[in-house]
There are 2 protein chains.
Amino acid sequence: MNRVREFRKNRGLSQFTLAEKIGVARQTINLIENGKYNPSLKLCISLAEELGTDLNTLFWKVDDTQ
Amino acid sequence: MNRVREFRKNRGLSQFTLAEKIGVARQTINLIENGKYNPSLKLCISLAEELGTDLNTLFWKVDDTQ
DNA sequence: CTTTTTTGTCATATATAGTTGACATCATTT
DNA sequence: AAATGATGTCAACTATATATGACAAAAAAG
């Protein structure tokens with residue numbers, strides 16, 4: 001799906017804390033981590049910056065098998 | 001802003017043709033190319049795939065100076 | 001065990017992405 | 001010079017991303 005949860009946990013952030021830093025609601029982070037919707041590009045970029053990574057790493061052809 | 005127009009032209013596609021292939025309206029492509037809004041992640045991924053590239057190349061920290 | 005934090009989820013509301021149809025302008029083609 | 005194709009833009013509409021408030025359950029901390 002995507003690697004947001006993995007990167008968030010590596011940084012020791014809760015969904016709430018990450019949401020606050022980025023300026024969205026906690027539910028928005030939760031839904032994205034669970035692949036329940038389709039975030040905007042701006043939000044994806046904010047996430048990548050806050051998590052110290054980039055768009056491809058977080059969202060490009062994530063291998064979910066195994 | 002982003003490199004959609006550049007990649008589209010390199011492939012010899014019109015906004016209309018690209019829109020058709022991806023399944024969105026022509027206006028949507030036009031607005032994205034002109035940075036007038038914030039596309040969804042799914043659309044960004046469709047664009048990257050159709051243009052034979054990836055998210056970072058199209059949308060990540062595009063250098064617009066010069 | 002009790003308390004607090006974190007996560008998942010629901011329902012309602014609002015902002016905005018994306019659609020549709022239309023028209024003007026510019027560039028190509030005939 | 002007329003016809004065609006590409007692009008920019010507008011207005012009105014629909015779909016959906018995101019917000020807000022709330023509650024339950026799991027996990028972590030005391």
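Note that these values count all heavy atoms, side chains included, but never hydrogens, waters or copies made by symmetry. If you're wondering where the values come from, they're calculated on a predicted model, not measured in any experiment. Sequence lines set the chain letters: A, B, ... in the order given, protein chains first and strands last, and positions in each chain run from 1.
Close to D/dT18, at under 4.0 Å from its OP1 or OP2, lies a side-chain N or O of A/Ser40. Between B/Arg5 and D/dA6 there is no side-chain polar atom (N or O) within less than 4.0 angstrom of OP1 or OP2. Proximity of A/Arg26 to the phosphate of C/dT5: no side-chain N or O atom is located under 4.0 Å from OP1 or OP2. Note on B/Arg8: a side-chain N or O is less than 4.0 Å away from OP1 or OP2 of D/dT7.
Atom CZ in A/Phe16 sits roughly 12 Å away from atom P in D/dG21 (whole-Å rounding). Atom CG in A/Leu47 sits roughly 14 Å away from atom C1' in D/dA17 (whole-Å rounding). Look at CD on B/Gln15: it is 11 Å from P on D/dT9, rounded to the nearest Å. The nearest whole Å value for the distance from the CD1 atom in B/Ile22 to the P atom in C/dA17 is 17 Å. The interatomic distance linking B/Leu41 (CG) with C/dT16 (P) rounds to 19 Å, in whole Å. For A/Leu18 and C/dG8, the CG to P distance is 13 Å, given to the nearest whole Å.
In this structure, A/Leu18 and A/Leu47 have side chains that are in contact, with non-hydrogen atoms separated by less than 4.5 Å. The side-chain heavy atoms of A/Arg8 and A/Thr17, taken from C-beta on, include no pair separated by under 4.5 Å. Side-chain contact check for A/Lys21 versus A/Leu13: some heavy-atom pair is nearer than 4.5 Å.
The minimum heavy-atom distance linking B/Thr57 with B/Thr53 is given by the pair CB-OG1, 3.1 Å. Residue A/Asp54 comes nearest to B/Asn56 through the heavy atom pair OD1-ND2, 3.0 Å, listed as atom of the first residue, atom of the second, then distance.
With A/Thr28 as the partner, the side chain to side chain contact (heavy atoms under 4.5 Å, CB included) test is satisfied by one option alone out of A/Asn30, A/Leu31, A/Val24: A/Val24.
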side-chain contact (heavy atoms from CB on, under 4.5 Å) between B/Leu41 and A/Asn2, intermediate numbers included: CA-CA 11 Å; B/Leu41 177 59; A/Asn2 68 61; over 6 Å; no
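You'll find that the side chain of B/Leu43 is closest to C/dG18, out of C/dT9, C/dG18, D/dT7.
Near DNA chain D, meaning a heavy atom under 4.0 Å away, the residues from residues 27-39 of chain A are A/Gln27, A/Thr28, A/Tyr37, A/Asn38, A/Pro39.
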